[in-house]
Amino acid sequence: MGCCCTKQRVDHKDPAVLASQTYFNISEIEALYDLFKKLSSSIIHDGVISKEEFQLGLFGSSEKRSLFADRVFQLFDSKNDGVIEFGEFVKALSVFHPAAPQAQKADFAFRLYDISQRGFIERGEVREMILALLNESDLVLCHDIIEVIIDKTFEEADSKGDGRIDPEEWQEFVARNPSLLLRNMTIPYLKDLTTQFPSFKLTSGIED
Amino acid sequence: KPVSMNAFELICRSQSFNLDSLFEK
């Protein structure tokens, strides 16, 4: 088992392999490795990004709790071992590449919002996300308004009217208004990493 | 204004998860 894990880690760090699996070219993956190194050594220099390091990168604080940051971290951590390795980092960021298909972005967003991870989004999950949003921002909404927003959400997205949004309904819902519903799913910086970030070196190889 | 939005539009507009900040420091 140990050999298998070691091999997997090496493969994940191979820029050519990652380039073939993502929307990044080899130079961009090497540039991303510089960002990864910075994030993964911000608290403990161990070659992986912990949740605290991820929060530090996002918010400038490792203490700030956020439901959405937690969910994004969980989705980046595809092996679900509590840390983000470089391969996981690159593959997850690829979804946020401007060239990634809308359906792929919508799928990631669906999994992000499917808090209970049961394969559909229910009213309780939507309410939990709105409450988290209010808790994490200065926005104040009364209970009745929150319920109106949830009603509106399901009127628009739950086309089958069964009280939950399934992946098919979600894709149709997003396709009707992608600019509003997927606006956080594209990171413009990823379009041309190597010129946007001249401080990122185009190095000969990715070190261990 | 928020009442005219659905929940997901509200979440997106609030920038609750904006990964741009990973690249801004």
Select one option (side chain, backbone, both, neither) describing which atoms of [X] are under 4.5 Å from chain B's heavy atoms.
{"X": "A/Ile49", "result": "neither"}
{"X": "A/Ile121", "result": "side chain"}
{"X": "A/Ile150", "result": "neither"}
{"X": "A/Leu67", "result": "neither"}
{"X": "A/Phe173", "result": "side chain"}

I need the [X] [atom1] to [Y] [atom2] distance, nearest 0.5 Å.
{"X": "B/Glu24", "Y": "A/Leu58", "atom1": "CD", "atom2": "CG", "value": "10.5 Å"}
{"X": "B/Cys12", "Y": "A/Met185", "atom1": "SG", "atom2": "CE", "value": "9.0 Å"}
{"X": "A/Glu156", "Y": "B/Glu9", "atom1": "CD", "atom2": "CD", "value": "8.0 Å"}
{"X": "A/Ile187", "Y": "B/Leu19", "atom1": "CD1", "atom2": "CG", "value": "4.5 Å"}
{"X": "A/Phe96", "Y": "B/Leu22", "atom1": "CZ", "atom2": "CG", "value": "9.5 Å"}
{"X": "A/Leu193", "Y": "B/Phe23", "atom1": "CG", "atom2": "CZ", "value": "6.0 Å"}

**Asked** Quick one: are B/Ile11 and A/Phe68 in side-chain contact, heavy atoms under 4.5 Å?
**Response** yes
**Request:** Would you check if B/Asn6 and A/Leu181 make a side-chain contact, meaning some heavy-atom pair closer than 4.5 Å?
**Result:** yes
**Item:** Minimum heavy-atom distance between A/Ile130 and B/Ala7, given as atom pair plus value
**Value:** CD1-CB, 3.9 Å
**Message:** Could you walk me through whether A/Ile165 and B/Phe8 satisfy the side-chain contact (heavy atoms from CB on, under 4.5 Å) test, starting with their C-alpha distance in whole Å, then the side-chain angles of each, then the deciding distance to 0.1 Å, before giving a yes or no?
**Reply:** CA-CA 12 Å; A/Ile165 303 165; B/Phe8 301 108; 4.0 Å; yes
**Message:** Given B/Leu10, which partner from the list A/Thr153, A/Leu134, A/Leu141 fulfils the side chain to side chain contact (heavy atoms under 4.5 Å, CB included) test?
**Reply:** A/Leu141
**Flag if over 12 foreign heavy atoms under 6.0 Å of CZ, A/Arg183** = yes
